[in-house]
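Structure first, then comments.
The shown structure was predicted, so the numbers you read here are calculated from the model rather than taken from an experiment. Per chain, numbering begins at 1; letters A, B, ... match sequence-line order. Keep in mind that the numbers below use all heavy atoms, side chains included, and drop hydrogens, waters and symmetry copies.
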Amino acid sequence: MAGIIDIVYAEYNYWIYVTLMMIGFYAMIAKKNLIKKVIGANIFQTAIFLFYISLSDIKGGTEPILLHGETSTHAADIIYTNPVPHVLILTAIVVSVSTTALALALIIRIYEEYGSIEEDVILAARRKLNPEFSEYARQSEVDSQ
Amino acid sequence: MSDIQQSIIIRTIVRIMIPFILLFSLYVIMHGASGPGGGFQGGVIFGAGIILYAMIYGIEEAKKKISDKANRILASGGLVLYAGTGLLAILFGGMFLEYGVIPLMPTTAYTAKILIDVVEIGIGMTVLAVMISLFFDISPPETEEDMHIHEEVE
Amino acid sequence: MTFDIITNNLPALTVIIPLIAGFLTPIIGWINRKLCWYHVMLTMFIVFLITASNLLTVINTGTIHYQFGGWAPPFGIEYVIDLLNGFVCIIIAFIGLMVSIYSKESIKKELPGKTIPYYSIYLLLVTGLMGMTITGDIFNFYVFLEISSLTAYALIAIGDRKDGIVASFNYLIMGTVAASFILLGIGYLYAVTGTLNMADMQNILPTIYDNKVVLAALAFFMAGFSIKVGLFPLHTWLPDAYTHAPSTSSALIAGLMTKVGAYAMIRFMFGVFTPAFVIDMTRMTEILTWAAALAIIVGSVLAIAQSDMKRMLAYSSVSQIGYILLGVGLANVIGMQGGLLHILNHAVMKSALFLVAGAIFYRTGIRNIHQFKGLGKRMPVTTTVFLIAGLSMIGVPGTVGFTSKWYLVLGSMEAGMWIFVLIILASSLLNLAYFWRVFDNIWFGHPHEVEKIKRDEAPLSMLIPMVILAGLCIFFGIFAYYPLHYILEPLSNMLLGIGVLP
Amino acid sequence: MVTDNIQSITPVLAVLVSAIASVLILAFGRYPNIREGWTFVAAFIKFGLVLSMLPLILAGKTITYTLVEILPNIPITFKVDAFGELFAITASFLWILTTAYSIGYMRSLKEHAQTRYYFCFAIALSSAIGIAYSANLVTLFLFYEMLTISTYPLVAHIETKEAIDAGRKYLVYLMGSGVALLFSTILVYYYTGTTDFAFSGIAGLALIPKATLAFLFVMFMIGCAKAGFMPLHSWLPAAMIAPTPVSALLHAVAVVTAGVFTAVRIILYIFGVELMKSSGLWLYMAYFVSITIILASIYALSQNNLKKRLAYSTVSQLSYIVLGALLITPHGITGGMLHMPYHAFMKITLFMCAGALIVTAKKENISEMNGIARQMPITMIAFTIGALGMIGMPPAGGYVTKWYLLLGAAELDQMILVGVLLISAVLNAAYFFPVVYIAFFKEPDHELKYNEAPMFMLVPIVITAIISISFGVWPDAPGFFYDIVSIAVANVTGGI
């Protein structure tokens with residue numbers, strides 16, 4: 001048993017990220033509320049960001065910035081953390097923000113049109129409005145059961 | 001208006017804070033070439049300043065300061081500035097974004113620093129404009145009429 | 001001298017021109033709204049010329065490498081154009097050009113007042129797709145993937161239809177899951193290789209193939225891309241999104257998004273991982289073929305059940321994606337050629353079909369197949385285009401559908417998978433079933449009322465792209481030799497690691 | 001026998017003529033006279049072009065032309081040999097007559113959508129000539145599918161629900177079988193790397209396993225559903241809903257003839273005489289088509305609708321042609337090949353007579369035709385000539401081919417097949433003579449006045465009837481079908 005605990009403890013960052021990711025994934029799939037879906041997506045993405053960030057960390061490392069007075073030869077002695085994942089994640093965060101913003105904008109429009117952000121209500125409204133749709137909706141309900 | 005929006009303390013503090021926030025954002029943008037910072041961060045800080053203003057003084061007020069059209073032009077202009085700098089490098093015979101080839105300053109590094117600053121400004125413009133317009137777009141409508149429509153839907 | 005400057009930088013310009021143009025659109029629209037269309041068309045035309053020139057360069061002199069900012073890989077971002085993405089790029093640019101010509105009238109009617117944002121997003125979508133295709137950097141790929149996805153969500157939701165917004169939201173959720181999986185896969189690969197450059201990665205990976213992280217990365221990539229291309233069990237976002245988007249958006253997204261997704265899948269399988277890994281070690285290609293075969297059948301069967309034209313076409317896309325991936329998954333030169341050829345063929349056919357659906361909707365407001373009676377008389381050119389594209393989908397010889405089917409069947413025989421032969425042939429009968437229903441409704445059934453119907457054809461700017469695409473359906477059906485011989489054959493050899501890189 | 005090969009674009013032109021005409025027909029859709037004028041012009045030019053190649057063919061040469069290579073190693077090539085020329089002459093000559101007949105028929109009945117009708121007809125003819133001149137299976141498949149698609153609007157022409165259903169059935173059977181043909185084409189290409197027709201068959205096929213070969217043969221024969229083999233025949237009677245000139249087209253000019261043509265092409269030019277013989281496939285298939293011959297005749301007996309009776313008769317007669325090709329002796333093949341144009345001419349006579357009855361006397365069912373010969377003597381005489389040919393009695397040509405077929409069967413010691421041929425002759429008589437009897441000798445229900453069909457319809461009937469007689473009276477006229485067939489037979493049997 002101790003072995004397992006050691007493994008969990010030694011790489012706790014990965015466990016955290018996996019747990020967060022699954023929470024987010026669950027919310028995206030299972031929650032009927034559209035806002036909660038978006039929150040789920042955010043948790044999911046944030047989990048991945050954490051994974052990237054923890055990836056780049058080195059014990060005892062310092063931020064990779066050349067400070068004044070340090071020459072390049074001097075710099076070789078210092079352990080730097082890897083800056084690349086940070087840069088990548090910066091971009092990914094921007095992407096995530098854009099996605100969230102777009103999702104929220106869509107939710108506002110959905111709310112304006114259907115008066116609800118609950119998936120069930122929207123589905124029912126669509127079925128009522130659009131007879132063509134009913135077949136499809138029934139089918140997808142069967143799928144989900 | 002909510003209580004918070006009416007609170008004189010908050011209104012005054014926000015009024016005092018905002019110039020500093022914006023100034024700091026400009027510092028962060030311009031510092032991008034030589035240290036931590038850059039267009040993204042600075043733009044977001046700038047946007048946050050405006051959003052703070054909008055939260056306290058109302059969106060209509062904020063829109064008077066920075067209109068939708070201005071937002072659009074800032075967003076487009078910023079990217080054009082960024083890509084234009086890259087294209088400038090092409091015109092001087094280099095690769096895209098290869099700043100060193102532009103004979104602007106005596107040393108290559110110096111030229112690159114100046115041009116990276118230009119690029120950062122462009123990015124900053126876009127980011128701040130997008131942040132602000134996102135806030136404007138997503139925030140609930142404030143006028144009486146709009147509210148009315150919403151109640152109907154519910 | 002000036003000419004050199006441009007020719008040296010063509011790879012970068014492929015992406016940058018639509019990007020800048022996209023952001024110039026609001027400014028141009030601010031000056032005069034009508035200029036937007038000319039601006040977009042001109043941009044797409046220039047992009048098309050650039051991609052054509054890129055492809056010719058690749059065919060003549062080999063792969064192009066372009067280093068951003070002069071930073072050499074693996075540190076800098078590198079754009080690499082080889083036969084595969086040169087081929088896909090020109091398809092993107094061409095379909096983009098055609099749809100942009102078409103959109104003039106369609107936008108005026110379907111999206112009044114949204115012209116400027118539409119065109120702006122349009123060009124950004126093209127940027128995203130181009131970037132995804134052309135980049136040689138795995139993270140840069142992710143960024144462009146997200147650009148294209150976000151713009152696609154926006155293009156679907158931009159219309160007035162209520163359902164479009166919900167469809168777009170569902171697509172967004174699915175797309176986010178897909179993109180996150182891909183991001184995770186990228187993270188895993190970066191963790192084990194320490195590089196983001198595709199070529200570099202391909203050199204490093206073979207030494208660590210027994211590492212479970214690599215395997216997990218492959219699984220994440222395949223899951224992510226399967227959602228993006230709408231492979232059968234993961235296709236649920238696709239029919240709604242295609243159906244409820246505005247006509248031009250459907251044509252563009254149906255014609256291109258899934259193709260680029262398929263491209264990405266191919267690129268990752270054969271350009272990041274090695275053929276040996278995906279074919280022999282993990283048998284990923286074999287799994288892919290079965291999934292694709294399932295998609296072919298289920299997509300066609302579901303298409304038969306639809307009465308909404310665009311929905312029918314959407315389900316047919318699900319099945320056609322199966323063709324592409326089946327060919328790729330067969331992992332022999334012939335099947336691969338069939339799959340790759342189908343990228344071109346399906347882009348041409350499906351765009352034409354969606355444009356026709358849009359033109360019919362534009363003139364009559366009808367989407368339901370059962371109401372199509374008498375259309376043959378009313379819109380003869382449009383319906384003829386539909387006939388040609390529909391016959392191509394069925395796979396009648398002399399049209400593009402036949403050539404890819406020929407290769408796919410031959411490839412399946414080569415692989416010894418006779419069941420796939422059966423599936424491909426059966427699916428062409430299923431295609432016949434759902435397309436003929438539409439043909440019947442268009443031309444037959446009301447002999448006496450038809451005489452009274454007046455000719456009421458779509459405007460010229462909508463007809464021209466449709467007719468060109470229909471012409472291409474036949475052109476590439478008869479002259480399939482050229483793409484096959486000059487591009488696809490060396491390309492398939494290259495992907496499968498047979499022969500030397502050009 | 002060495003054949004010289006000539007490069008010439010003539011076959012391509014012959015195919016294209018009616019395709020070009022179809023565009024003109026569409027363009028002049030509003031002016032019926034000009035529209036039909038184009039059809040006539042195209043028909044004559046086409047026949048002229050086809051005929052212009054005849055001297056070369058009779059001199060034992062072949063003409064090829066490669067149009068374009070659609071896929072690497074898979075060109076669209078045209079090749080005119082004796083067998084193809086046989087079909088091309090039949091189809092292009094009958095097109096002239098059918099056109100004249102169509103004009104009479106369609107105008108008399110004031111049919112709708114005539115432009116579409118002539119348009120599709122022209123395309124169908126292009127496809128038929130394309131099939132005749134194909135040099136490989138891919139080219140053949142291209143035109144085969146084109147023929148199916150272009151004849152669909154003709155079958156569903158009247159656009160009632162029944163017609164559309166018949167059209168669907170037609171399409172499902174023929175496109176479905178097209179898939180089988182495609183499959184076997186690809187299979188041949190996969191195993192041998194070529195799909196070209198060769199006089200002695202594709203050599204590489206002899207190397208593949210016997211079970212696969214049998215499977216391939218079965219797939220090919222399913223692919224030839226246009227030839228109306230028995231389990232896959234039911235589209236043909238259903239398609240009788242179409243206007244009569246279309247039935248004539250289906251039964252005589254293009255579709256089913258194209259089907260048997262393809263079947264014979266595959267049997268003799270893909271598998272080849274030697275392979276058919278060594279693998280024993282010929283015998284199984286011969287028994288199989290014998291069943292069709294007998295069963296279809298029995299079905300025909302029970303039909304009251306004249307056109308349907310003729311349709312089943314076609315199903316039965318087509319199998320003669322295939323049977324001839326399967327009787328891999330020179331005599332048998334001669335009989336089969338010769339039966340193709342003979343049957344076309346005789347059957348078109350019969351159909352045109354049936355159409356004339358519909359237009360003039362408004363009668364479709366045999367039971368209503370009491371004494372009809374008093375009203376339309378010329379038509380019914382022509383009908384009788386056609387019927388005699390079908391049964392295999394002089395003076396029409398049927399007896400010649402039947403004689404060769406019997407000879408072939410006897411040479412091979414297949415007494416069962418001889419018996420089948422004789423029984424079928426009896427059955428043919430059983431279902432044709434009542435029609436003749438009713439028309440000529442039964443008392444009419446009411447007074448009938450002399451009233452023939454319009455000239456446009458009558459003249460073609462007379463011409464085909466006369467040609468049908470000429471087959472019987474002077475079968476080996478120089479430069480006529482017999483000469484062409486003998487060259488074709490020499491080609492496939494290696495000049496034995």
Side-chain angles (χ1 to χ4, degrees), chain C residues 334 337-338 341 373 376-377 380 384 387 390-391 394-400 402-414 418 421-422 424-429 431-433 436-437 439-441 443-451 476-485 488-489, chain D residues 26 29 67-76 111-113 115-116 120 127 130 137-146 148-149 152-153 155-161 163-165 167-168 171-172 174-187 189-191 193 195 212 215 219:
Chain C
I334 295 171
Q337 283 181 59
L341 187 63
K373 300 216 151 96
K377 189 98 176 177
T384 309
L387 177 72
L391 289 180
I394 296 166
V396 171
T399 59
V400 286
F402 174 71
T403 52
S404 33
K405 197 162 287 179
W406 176 273
Y407 269 86
L408 289 175
V409 172
L410 215 54
S412 307
M413 287 178 179
E414 183 91 12
W418 295 90
V421 176
L422 206 67
I424 293 166
L425 294 174
S427 93
S428 65
L429 281 182
N431 287 353
L432 178 76
W436 211 269
R437 216 162 37 123
F439 296 159
D440 259 356
N441 276 314
W443 279 288
F444 300 105
H446 275 248
H448 302 296
E449 288 165 33
V450 165
E451 305 292 334
F476 282 120
I478 297 172
F479 299 97
Y481 178 83
Y482 297 103
L484 278 167
H485 180 256
L488 297 179
E489 213 179 312
Chain D
L26 218 52
L67 200 59
V68 62
E69 201 167 339
I70 46 168
L71 297 170
N73 210 8
I74 300 180
I76 295 274
E111 284 281 353
H112 68 107
T115 306
R116 182 182 75 200
C120 293
S127 321
L137 276 171
V138 176
T139 316
L140 187 127
F141 180 69
L142 174 107
F143 289 108
Y144 199 81
E145 294 281 274
M146 228 167 94
T148 310
I149 292 163
Y152 170 81
V155 172
H157 183 82
I158 52 174
E159 296 186 21
T160 56
K161 188 163 185 315
I164 298 225
D165 285 348
R168 290 251 173 93
L171 201 70
V172 166
L174 295 194
M175 289 298 254
S177 67
V179 168
L181 186 61
L182 173 66
F183 172 66
S184 19
T185 305
I186 299 177
L187 210 56
Y189 180 77
Y190 175 65
Y191 278 120
T195 63
T212 317
F215 174 70
M219 285 316 274

Indicate yes or no: at least one non-hydrogen side-chain atom of [X] is less than 4.5 angstrom from one of [Y].
X      : Y      : answer
C:W406 : D:V138 : yes
C:S412 : C:I424 : yes
D:T185 : D:Y189 : no

Measuring heavy-atom distances to chain D, does [X] have an atom under 4.5 Å in its side chain, in its backbone, in both, or in neither?
X      : result
C:I478 : both
C:L484 : side chain
C:F476 : neither
C:F439 : neither

Please classify the contact of [X] with chain C as side chain, backbone, both or neither, using a heavy-atom distance under 4.5 Å.
X      : value
D:V179 : both
D:I76  : neither
D:L67  : neither

Checklist entry - Any donor-acceptor pair under 3.5 Å linking the side chain of D:Y152 with the backbone of D:L171? => result no
Checklist outcome for this item: Heaviest contributor of heavy-atom pairs below 4.5 Å to chain D, chosen from C:F402, C:Y482, C:F479, C:W436, is C:W436
Checklist entry - Who among C:L422, C:L429, C:L410 has the most heavy-atom pairs with chain D under 4.5 Å? => result C:L410
Item to check | Partners passing side chain to side chain contact (heavy atoms under 4.5 Å, CB included) against D:V155 (at least two apart in sequence or in another chain) | outcome: D:Y170, D:A239, D:L250
Checklist outcome for this item: Residues at least two apart in sequence or cross-chain that pass side chain to side chain contact (heavy atoms under 4.5 Å, CB included) with C:V396, listed by chain then number, are C:L391, C:I394, C:T399, D:E145, D:I149, D:M175
Next on the checklist: Just verifying a value: how many Å separate D:F215 CZ and D:S184 OG, rounded to the nearest 0.5 Å?
Outcome noted: 8.5 Å
